[in-house]
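Notes for the one structure printed next.
Note on naming: letters A, B, ... go to the chains in the order of the sequence lines (proteins, then strands), and numbering restarts at 1 for each one. Since the model is a prediction, treat every value here as computed from it, not as a measurement.
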Amino acid sequence: MSTAIDIRSVVKRYGTATALHGVSLSIADNEFFTLLGPSGCGKTTLLRCIAGFEDVTEGEIRLFGQNIAGLDPNHRPVNTVFQQYALFPHMSVLENVAFGLKMKGVSLSDRTARAGRMLEMVHLSAFADRLPAQLSGGQQQRVALARALAPEPKVLLLDEPLSALDLKLRQAMRVELKTLQEQTGITFIFVTHDQEEALTMSDRIAVMSQGRVQQIGTARDIYEAPVNRFVADFIGETNLLEVTVDRIEGGIARVTLPGGHTITCPTAATTPGKHHISIRPERLSISAAGDLTATVERVVYLGTDLQLLARLTTGEEFHIRLQNSARAQVPAPGSTVALHLEEGAARLLAD
Amino acid sequence: MKGVRHYPGFLAMAVACLVILYAPLIVVTGYSFNGSTSITTWGGFSWRWYADVFTGPDAPRFKAAAWNSITIAILAATTATAIAVAASVAMIRGGRFKGKSATFALINLPLMVPEIVTAVATLIFFSAIGLTTGYMTILIAHITFCIPFAYLPIAARLQGIEETYEQAARDLYATRAQAFRLILLPLMMPGILSGFLLAFIISLDDFIITNFVKGAGMETLPTAIFGSVKQGIKPNIMAISTMMLAVSVLFVTLSYLVNRIGQRTRS
Amino acid sequence: MAGGMTPAPQGNGTGYRAIVGPLLIPTWVMIGIFLVLPVLLMAVYSFLTKEFRGGVVWDFTLAAYDQFFLNRGLFGDEPPVIEWTYITIFWRSIWQAALATLICLIVGFPTAWFIATRPARTRAVWLFLVTVPYWVNLLIRTVSLKFLIRENGPLNESLMALGLITDPLPLVNTNLAVQLGLFYSYLPFMVLPVYAAVERYNFALSEAAADLYASRWVTLREIVLPVVKPGIIAGCILVFVPSLGAFLAPDLLGGAKTFMIGSLIDEQFRGSQGNWPFGAAAAMILMTLVLIVLTVYARAQTKGDAR
């Protein structure tokens, strides 16, 4: 598979503040790639560098092998779906979709036909003559998609495109986006702060924080095998415990838990010493004898789940999730329970 | 309890405000239709003073003055608007640059300097460089003091237009010039029209500066009216005033409508 | 969150940063050459010697300022004492302008408040009605006012017809008429900025004050006025500055006793008895006064922002 976008040590500074600290990553053709991170992590800046709205301070951005740093946005075969859509308010839906083709010099009849087909693809043919303000949020979103796809870009950039929609619509659009990507075969680079969005749609995800890429991998990789505390904590819910590592051998670490129990687990760390371990709260069970002992402080009812807020005998806070089934035996607040770690529930982190 | 928005007496004050603002205008409009030659007695409804404006002994003077006023206002407002459009794009889309706050002060300077001072300074300048006062000097002075009036509504409008529209256009292969012509200019249009109308009225209105730089024999409507009024308020002046009042009302209505349309296109 | 703390500066990706200079050249040229340069030249002229046919001789002297502030007797050979004529004119102008500003505020604030608390539709109508006079030629408005209040004009006639007065009120050519003229000229300048401030005012603040036992008028004084103060100050500046240098209202409505700065300066440039350096000096002094007012205002504003 060929490489669509190759980002090499990109640094972006605004005066004295640095938004990107040497980011490197490469995105394959036809991939649905997501940049995930909290606001201010640099994901949007990176997207804008690819689109050409920002100049990179250092480094290269290669599009199918060609360095595009320094090219104006109108000379990059890359199109963007903007966060608030940025549909031209004085143009009809059809004119909006045909705009890119018009700029590329496509004749009126051709571009009208192609824009019409794009509108069909997003199920908005009936709205071609409306103004953007006359459409609902979800419809505007689909026009923005059609507009960005119409000139057949090599890469489509999506800047939090779903954040302005309500929950139901957002869920429906996730499916639609993924289908569209598969249909068109265009590389999608999707920016979001919503981990659920990232996990459900992406082929691969880059988790970013403080202007750096923390981890790149599939949804399963970053959830099951986070490399550091930031990733483990940002994706899903987790318990982080400080532990002492006795030995690391062949990707397996021997770890002493608080309370003295020793377990083996997969590791992202390479050297013994003080590290953190991540334990997912749903990968635990309550049993007669376990790896950890905790006192239940509070039971929270969440519908599908029950959340136990507990404290280890060594003092750390600890969360446990139990499935809400009739068989579940719910310990009463104040009671002491033994916790058994399932196979692979714990993972040793690099920091 | 009438709620925290209500204050007794404020309605009366607002009504008083309108009465004070409108009473003189309404009275003059009424008396402009007075058939009598005397301004103190009512002689029945008549159009005679309107006819007098166009055919009476003063007609050639007023026609020439009106022609000067209107052509100067159109030229000055058009030029000032064009200058203000360029300036607002630079100030609002140009990012940070050296001399930005100085430029901002410069644009607003005509609003800060009292009119009479501008008038004196401009007269001194034209006389020092030996430029004969007349149509050209009035026009130059008007363009200069119209710039901030055109700039303010245009810049306000541009500030409200998100950059993403232009970025989207650039992203869709438009050059800077195309993005300006096809996206920014149409979106700015309500502001540009407001700016033009304001500059036009300000130019048409100006008396003090014009009076200083007009030179001998050259008149605009305000200076011509001022000259007449010095000998007492004659009925034909009231007729001219009423017509100018009508033009002003037309212009406010226009700018009001332009703003309404502008608000609708801003989603 | 280093990236989030530094919003991207405006102008990225629109491409205008590269042509800022060319876009601004017309503005720099027009205002630089035809306003800044003339004002500098005016400053120079105020130090020149007057020529008797109107105009100047290029001999530097302090004569204009000397004439403004000092009296050296008819032949200029007596010991200098302070010359009160022009200082009095300036002082009267400042006083008149301040009074006009105060009256505009007293009428303008309730009006602005009243408009801002109307429902959207009626608010637009009120706003429209208040704006219209602003667009009407100032000369025409002043002339109309003179017509209305003159000795045997409609105002006096109706008052006499109603039996409220027996003799016409001598309004024209008085300080009161000039006052009325200034007030009438610049009232919209007060209403509009105050309206803008009141419109942004959060009425929940008033409700909170009322909830905490404040009366209506206490709320106005303690809560409303401090919050909308920027709008009030802006309105005061917009009325005070043009009132100070006003020419039409004092010239048309006032008499010899109500001479203001505007007329004094104007007189120096009329015909052959004018005195250009003296007029330039008077204009310089006026401009200095206005600059002081504006600087104080700007200071107060930045202080307000810093809080």
Side-chain angles (χ1 to χ4, degrees), chain B residues 4-5 7 10-11 13-14 17-18 21 23-25 27-28 40 83 86-87 89-90 93-97 103 106-107 109-110 112-117 120-125 128 140 143-144 147 163 166-167 170 176 201 205 207-208 222 225-226 229 233 241 244-245 248-249 251-252 256, chain C residues 9-11 13-17 20 23-24 26-27 30-31 34-35 37-39 41-42 45 107 110-111 113-114 117 128-129 131-133 135-141 143-145 147-148 152 154 184 187 203 206-207 210 216 241 244-245 247-248 262 265 269 279-280 283 286-287 290 294:
Chain B
V4 293
R5 289 154 198 253
Y7 279 86
F10 278 24
L11 166 67
M13 220 44 140
C17 189
L18 283 195
L21 286 175
L25 301 177
V27 166
V28 162
T40 42
I83 293 173
V89 169
R93 291 291 197 258
R96 267 176 242 136
F97 58 87
T103 306
L106 196 70
I107 293 170
L109 195 63
M112 304 290 158
V113 179
E115 242 186 313
I116 188 96
V117 175
V120 167
T122 314
L123 172 65
I124 288 175
F125 177 73
I140 290 172
I143 292 172
T144 307
I147 289 173
E163 277 183 17
E166 294 144 84
Q167 286 173 355
R170 298 278 276 149
R176 185 175 62 209
I201 279 287
D205 239 29
F207 169 75
I208 298 178
I225 292 173
F226 186 79
V229 168
I233 306 170
S241 298
M244 286 184 77
L245 183 67
S248 298
V249 172
F251 266 74
V252 205
Y256 180 75
Chain C
Q10 275 218 339
T14 50
Y16 294 115
R17 312 187 85 167
V20 160
L23 286 173
L24 286 174
T27 309
M30 282 311 288
I31 301 182
F34 298 111
L35 186 58
L37 207 56
V39 167
L41 196 61
M42 180 183 81
Y45 263 52
V107 177
T111 306
W113 177 278
F114 180 78
T117 52
F128 181 78
L129 287 175
T131 332
V132 169
W135 292 70
V136 175
N137 195 309
L138 183 59
L139 173 62
I140 286 178
R141 283 196 285 151
V143 169
S144 303
L145 186 65
F147 178 79
L148 180 67
N152 43 5
Y184 178 53
L187 179 59
F203 288 97
S206 285
E207 287 168 358
R216 212 174 279 288
V241 169
L244 197 57
F247 172 73
L248 286 173
I265 296 174
F269 294 89
L286 170 62
M287 199 174 69
V290 168
L294 292 177

Option that, when pairs with chain B are counted at under 4.5 Å, heavy atom only, ranks first among C:V136, C:L37, C:V107, C:L187: C:V136
Interchain contact, B:I140 with chain C, by part (heavy-atom threshold 4.5 Å): both
Nearest-0.5 Å distance, OG1 of residue C:T131 to OH of residue B:Y256: 9.0 Å
Portion of B:F226 that has a non-hydrogen atom of chain C nearer than 4.5 angstrom: both
Contact class of B:L109 relative to chain C, heavy atoms under 4.5 angstrom: both
C:L129, part contacting chain B, at a heavy-atom distance under 4.5 Å: both
Chi angles and distances behind the side chain to side chain contact (heavy atoms under 4.5 Å, CB included) call for B:F207, C:L138: CA-CA 9 Å; B:F207 169 75; C:L138 183 59; over 6 Å; no
Pairs of heavy atoms under 4.5 Å with chain C: top-ranked of B:A128, B:A23, B:P24: B:P24
Pairs of heavy atoms under 4.5 Å with chain C: top-ranked of B:L18, B:I83, B:L21: B:L21
Which atoms of B:L106 approach chain C - backbone, side chain, both or neither, heavy atom under 4.5 Å: both
Flag side-chain contact, heavy atom, 4.5 Å: C:T117 against C:F203: yes
Residue part contacting chain B, namely of C:Y45, when any heavy atom lies under 4.5 Å: side chain
Per-residue contact mode, B:L11 against chain C (heavy atom under 4.5 angstrom): both
Point-to-point distance, once rounded to the nearest 0.5 Å, from CD1 of B:I225 to CD1 of C:I140: 4.5 Å
Toward chain B, the part of C:I31 with a non-hydrogen atom under 4.5 Å: both
Contacting moiety of C:L145, where chain B heavy atoms sit under 4.5 Å: both
Atom group of C:F269 that falls short of 4.5 Å from chain B, counting heavy atoms: side chain
Per-residue contact mode, B:I124 against chain C (heavy atom under 4.5 angstrom): both
Euclidean distance, B:E163 CD relative to C:Y16 OH, rounded to 0.5 Å: 10.0 Å
Test side-chain contact (heavy atoms from CB on, under 4.5 Å) applied to C:L286 - qualifying residues, sequence neighbours left out: B:P114, B:I116, B:V117, C:F90, C:L244, C:I261, C:I265, C:V290
Main-chain N/O of C:G15 paired to B:R176 side chain as donor or acceptor, under 3.5 Å: yes
Side-chain donor/acceptor of C:S144 to backbone N/O of B:L25, under 3.5 Å: no
Sole candidate of B:L245, B:V249, B:I201 that passes side chain to side chain contact (heavy atoms under 4.5 Å, CB included) when paired with C:W135: B:I201
Residue list, ring-ring contact (aromatic ring centres under 6.0 Å, His included) with C:Y184, at least two apart or on another chain: none
Residue selection (most heavy-atom pairs with chain B, distance under 4.5 Å) from C:N137, C:V132, C:V241, C:L294: C:N137
Top of C:P110, C:A283, C:G262 for chain B proximity - count of heavy-atom pairs under 4.5 angstrom: C:P110
